[in-house]
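One is the number of the first residue; the rest follow in order along the sequence.
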Amino acid sequence: MATVWSGCSTSFSQERPHPRGRRSGDGTRIHPWREGRSRCGSRHVEAVRTVVALPRVCVCRAAPCVIEPEFAGKEEVGVGVWAIDDEPPSSDGSDGHRRHGLRRRPARPAAAVEKGPAGARNSAAASAAENKSEIGESRLHFLEERDEETLSKRLIRLGQSNKVRSATELFDSMRASGLQPSAHACNSLLACFVRRGSFADAMKIFEFMKGKGMATGHTYTLILKAVASSEGYFAALKMFGEIEESDKKNVDVIVYNTTISVCGRAKDWRQVERLWRRLGENSLSETLMTYDLLISVFVQCGQSDLAIDAYQEMLQRGIDPSEDILKAIIASCTKEGKWEFALTTFRRMLSAGVKPSIIVFNSIINSLGKAGEDELAFRMYHLLTSSGLKPDQYTWSALLSALYRSGRCWDVLDLFQGIKTKHSALLNSHLYNIALMSCERLGQWEHALQLLWMMEKGGIQISAVSYNHVIGACEVAREPKVALKLYQRMTRQGCSPDTFTHLSVIRACIWGSLWNEVEDILKEVAPDSSVYNTVIHGLCLRGKIKLARKVYMQMRSIGLKPDGKTRSFMLQHIAADY
């Protein structure tokens, strides 16, 4: 807020030299500070110590302008003369022969400052009010420098240094004096507000630049980031549409990249695809950053086809993909089972001199194993070890799974034994379960029991899945009594059996003619249609028709629904009896 000194009748003028003023090297006039007297009016008139604040309008004769209320701000108590870099003056009141662009009023006398708790409360309230807005409460200053380019450079330096208060006062003082900052200077102040999170002040600067026709692509990039951070991506997307419609010539690929990034954080891949297509419609060429954003968003949203399309378009345009893009494409291809395209991208990574990580190797080995390409998976493993990397648990899991899917169950057990011998610290329940699955398929119940004992000895928690594989091995090997003992041990250990456990042990008992045990298990099992259907099927196949009818009637009495095969068995035997 500007102030007027009482008793001052002579206006200050830049053209009229000060009697005791000096000029610095660049022509800026430097005035020493005077205490107690003023040159205005009579020579020996005492300056009135009371400061009169004009709340609405102040006329400055030195730089003819009318200060509008929107530029008026509150004065800070105890603020003296400061240079452009916010350094205090020397002890004698002079500015140390430094050039400055802002001239602030002298500090209020100490008597004018209220003491005690009331003064402290007023000071705290003023400080809290200043935090709301940087522009609305800044003060105006008389600018000795009138060159817009010089002042704009100062404004840029202040914005880059995050001296937002000084930058705001210089900006408002230039506007009040009829001087216009450059677009670069306004962008610097706008960026400063965005970094500080002052959204309201950033919008005021943006509206000023937009009204003056000074907005650039960098301006739009900054304000879109601020809007997305403050009001969400939908508001930023709406503003982008308005900007694109009103000022299409200044909307460059960087503005598009910013909008794509904003939509990508919100996982709106459909809008990202639309923005990608509009780039081509507006004859704008995508950059490496554009494709990096596109592929990253598409991969995160599970749109592997779009990610591959963006990757192939980038290669057609002659843009070399970055390491992050190559990793993202490999991850997407392996997840979707496109192992051939993943291998092609892996070769490009090697030819570009990029060293693949253990994660890349594991994902490719896992993809090859799922596709039944176990030989290629082991070639990739040898390449992994030759590159200086050490296989981890995921590597061994992928290799064991590749062998199991290829039907090489004995090789699974051999590889597992090698892992146990050389890398026993890497063994976990998942690796044990793959070995147990191979034992189940081969009917190696003794080997499965040995692995189960090793798990218990190694302190690895045995889950229902592990028990199911061992009971399944006993079922294949026609060892119902062993399967029943495992089932009983499982329940004693506090491991709850699931439906697969009951089905496996019931099938083993039926084929072992353990009828009483079958009935006991049925009493323990919660009502389950699949379990009752399995029991009826087995009893009918073993010729136990009366027992099958008994189980069938019990099944219908508790409200369970038989399947088509069960009804067919019952109809056949009922017709045969008649």
Side-chain angles (χ1 to χ4, degrees), residues 365-366 368-370 372 374-375 377-378 381 391-514 517-518 521 534 538:
I365 292 173
N366 187 45
L368 292 172
K370 289 180 179 179
D374 53 299
E375 293 184 1
F378 275 89
Y381 162 73
D392 56 11
Q393 294 175 341
Y394 299 100
T395 310
W396 296 122
S397 175
L399 291 173
L400 289 172
S401 298
L403 292 174
Y404 178 79
R405 288 189 176 92
S406 299
R408 299 168 59 179
C409 295
W410 288 111
D411 292 334
V412 171
L413 298 178
D414 290 341
L415 179 59
F416 180 84
Q417 185 62 31
I419 298 171
K420 179 180 177 298
T421 304
K422 298 181 180 179
H423 309 282
S424 58
L426 297 178
L427 290 177
N428 56 18
S429 59
H430 185 66
L431 298 180
Y432 270 104
N433 286 337
I434 298 175
L436 290 174
M437 288 165 59
S438 299
C439 292
E440 180 181 3
R441 182 177 289 186
L442 295 172
Q444 294 292 314
W445 64 274
E446 294 179 340
H447 198 157
L449 284 175
Q450 186 179 10
L451 291 176
L452 199 66
W453 176 79
M454 289 168 55
M455 289 179 69
E456 187 173 340
K457 184 179 179 181
I460 299 176
Q461 186 175 3
I462 303 176
S463 63
V465 175
S466 301
Y467 276 111
N468 291 345
H469 292 316
V470 182
I471 294 174
C474 294
E475 179 190 353
V476 174
R478 296 289 194 270
E479 293 290 338
K481 294 182 179 180
V482 179
L484 188 61
K485 289 182 179 180
L486 276 172
Y487 172 75
Q488 294 170 351
R489 174 182 173 79
M490 178 182 179
T491 55
R492 286 196 304 267
Q493 293 291 331
C495 183
S496 300
D498 55 16
T499 302
F500 297 102
T501 311
H502 294 137
L503 292 176
S504 183
V505 71
I506 284 175
R507 285 194 298 263
C509 290
I510 288 175
W511 290 109
S513 301
L514 303 177
E517 286 76 2
V518 171
I521 293 174
T534 300

Which one of Leu452, Thr491, Thr501 satisfies the side-chain contact (heavy atoms from CB on, under 4.5 Å) criterion with Tyr467? Leu452
Contact between Leu427 and Phe416 at the side-chain level, heavy atoms closer than 4.5 Å - yes or no? yes
Nearest heavy-atom contact between Pro480 and Leu514 is CB-CD1, 4.0 Å
Can you classify the ring geometry of His502 versus Tyr487 as parallel (below 30°), tilted (30 to 60°) or perpendicular (above 60°)? perpendicular
Any side-chain heavy-atom pair from Leu415 and Phe378 closer than 4.5 angstrom? yes
For Glu375, does the CD atom have more than 12 heavy-atom neighbours from other residues, nucleotides or ligands under 6.0 Å away? no
Check for a donor-acceptor pair, side chain of Asn428 on one end and backbone N or O of Leu431 on the other, with a separation under 3.5 Å. yes
Side-chain contact, heavy-atom cut-off 4.5 Å: Ile510 with Thr534? no
Minimal non-hydrogen separation, Arg441 against Cys409, with atom names: CD-SG, 3.4 Å
To the nearest 0.5 Å, how far apart are CG in Asn366 and OG1 in Thr395? 10.0 Å
Rounded to the nearest 0.5 Å, what separates atom CD1 in Ile365 from atom OG in Ser401? 11.5 Å
Val412 and Met437, any side-chain heavy atoms less than 4.5 Å apart: no
If I take atom NE2 from residue His430 and atom OH from residue Tyr394, how far apart are they, to the nearest 0.5 angstrom? 9.5 Å
Minimum-distance pair of heavy atoms, taken over all atoms of Leu426 and Pro391: CD1-O, 3.8 Å
Write down the atom of Ala377, the atom of Ala402, and the distance for their closest heavy-atom approach. CB-CB, 4.4 Å
Return the CG to OG1 distance between Asn468 and Thr499, rounded to the nearest 0.5 Å. 9.5 Å
Looking at CD1 of Ile471 and CG of Leu436, how far apart are the two atoms once the value is rounded to the nearest 0.5 Å? 11.5 Å
Nearest heavy-atom approach of Val476 to Gly443 is CG1-CA, 3.9 Å
Measure the CD-OG distance between Glu456 and Ser466 for me, rounded to the nearest 0.5 Å. 11.5 Å
Specify the closest pair of heavy atoms between Ser406 and Gly372, including all atoms of both residues, with the distance to one decimal. OG-O, 3.7 Å
Any Cys439 side-chain heavy atom under 4.5 Å of His469 side chain: no
Kindly indicate whether the side chain of Leu449, heavy atoms from C-beta on, has any atom under 4.5 Å from the side chain of Leu486. yes
Do Gln417 and Leu413 have side chains that approach each other closer than 4.5 Å (heavy atoms only, starting at C-beta)? no
Taking the side chain as C-beta and beyond, is there a heavy-atom pair between Lys420 and Met454 under 4.5 Å? yes
